[in-house]
Amino acid sequence: MSELKNDRFLRALMREPVDATPVWMMRQAGRYLPEYRNTREKAGNFLNLCKTPELACEVTLQPLRRFELDAAILFSDILTIPDAMGLGLYFEEGEGPRFERPITRPADVDGLPIPDVEEELGYVMAAVSMIRRELNGKVPLIGFSGSPWTLATYMVEGGGTKDFAKVKGMMFDRPDLMHKLLDKLTDTIIVYLNAQIKCGAQAVMVFDTWGGILTPRDYKAFSLQYMQRIVAGLTREADGRKVPVILFTKNGHCWIEDIANTGCDAIGLDWTIDIGDARKRVGDRVALQGNMDPTVLYASPERIRKEVAEILAGYGNGAGHVFNLGHGIQQNVNPAHAEAFVNAVHELSKPYHQT
């Protein structure tokens, strides 16, 4: 593997000194870029885009051609695992993901196969290998998975939901069944992320999109403990350096001390917590990633710059901060505003890293 030319991102995750705060954006390869929309049209649909390694590689690299980002993230979807388990993933235009065969009864959980990730998710591994090769050491590559709880919500609901009635109904009425499902997902995610690391991912992130809908007690029982198992099961070194792990729970600000205790290297923060408060609460146990409100990118470049300055000041001096949005970049954002955001982070952060 080629030597890494820009390792700011990995160094910040390990709380090592950097010359400027690294920055990347969740969903940085996406619909706000016209070149992405062109590639997706060429693919025919979103799932084909995910399952064609050459096209997944192309859209992963597109934002790096425009912006001075400090990391690339694999272009894929969190629902590739349930799809490989035979639930029949498809996407309805304007409606989001759906499953042809959602989990509706105990027998569905019992019969759920553990997929061979090298075989049934081989297209993901091919994309990781290809992206890593094409990056040629420019920046590190992030691999990822959805959290067990988040995947379970889609699998039981059959798609997106506003009330989580089915998945919470199962959790409350049949906690044994829910734990069985989460066990299977956890085992699969560990193998899946380790396969990504083997193919070239230099950091991994677990997206717990729906952990924040749970009570504190249920969050620890049905989400956090499984993410802790994932952290414990991951390959933590490759190519002679550490492979950092980031855990991100949307609306997870109540539990950041508990997340820090999992053994992860960094916590992803959404925009509902002050980053300075978060830093005080976790101390130097973990790095922090975040946490600008994505909708700030609809504002003027001057206002974006002001917001970046305030978050940098909130975090303060020293390493351990990866700048990001508090959730994914939205599809109608002007790419010029994303560029202003990235440039502002690099320029305004330098004084915070002078020794």
*List the steps and the verdict of side-chain contact (heavy atoms from CB on, under 4.5 Å) for Asp183 and Tyr226.*
CA-CA 8 Å; Asp183 272 330; Tyr226 291 100; 3.5 Å; yes

[Y] backbone acceptor or donor facing [X] side chain under 3.5 Å:
| X | Y | value |
| --- | --- | --- |
| Asn194 | Leu234 | no |
| Lys180 | Val109 | no |
| Asp83 | Leu79 | no |
| Ser349 | Thr21 | yes |
| Arg101 | Gly86 | yes |

*Which of parallel (below 30°), tilted (30 to 60°) and perpendicular (above 60°) describes Trp24 and Phe9?*
perpendicular

*Measure the acute angle between the ring planes of Tyr32 and Phe67, then classify it against the limits of 30° and 60° as parallel, tilted or perpendicular.*
parallel

*Flag the pair Leu269 / Gln289 as yes when at least one side-chain heavy-atom distance between them is below 4.5 Å, and no otherwise.*
no

*Kindly indicate whether the side chain of Val243, heavy atoms from C-beta on, has any atom under 4.5 Å from the side chain of Gln202.*
no

*asked:* Can you tell me if Glu100 has over 12 outside heavy atoms packed within less than 6.0 Å of its CD?
replied: yes

_Heavy-atom neighbours of Arg98 CZ exceed 12 at 6.0 Å_ = yes

*Ring centres under 6.0 angstrom apart (His321, Tyr352)*: no

_Pair Phe341 + Phe323: ring centers closer than 6.0 Å_ = yes

_Is the terminal nitrogen or CZ of Arg279 (NZ for Lys, CZ for Arg) located under 6.0 angstrom from the six-membered ring centre of Tyr315 and within 45° of that ring's axis?_
yes

*Report whether Leu141 and Met14 are members of the same hydrophobic cluster (ILVMFWY, side-chain heavy atoms less than 4.5 Å apart, transitive linking).*
no

Distance-only donor-acceptor hits, side chain of residues 207-217, under 3.5 Å, sequence neighbours excluded:
{"from": "Asp208", "atom 1": "OD1", "to": "Ser147", "atom 2": "OG", "distance (Å)": "2.6"}
{"from": "Asp208", "atom 1": "OD1", "to": "Thr150", "atom 2": "OG1", "distance (Å)": "3.1"}
{"from": "Asp208", "atom 1": "OD1", "to": "Gly211", "atom 2": "N", "distance (Å)": "3.4"}
{"from": "Asp208", "atom 1": "OD1", "to": "Ser223", "atom 2": "OG", "distance (Å)": "3.3"}
{"from": "Asp208", "atom 1": "OD2", "to": "Ser223", "atom 2": "OG", "distance (Å)": "2.9"}
{"from": "Asp208", "atom 1": "OD2", "to": "Thr249", "atom 2": "OG1", "distance (Å)": "3.0"}
{"from": "Trp210", "atom 1": "NE1", "to": "Tyr154", "atom 2": "OH", "distance (Å)": "3.3"}
{"from": "Thr215", "atom 1": "OG1", "to": "Asp218", "atom 2": "N", "distance (Å)": "3.1"}
{"from": "Thr215", "atom 1": "OG1", "to": "Asp218", "atom 2": "OD2", "distance (Å)": "3.1"}

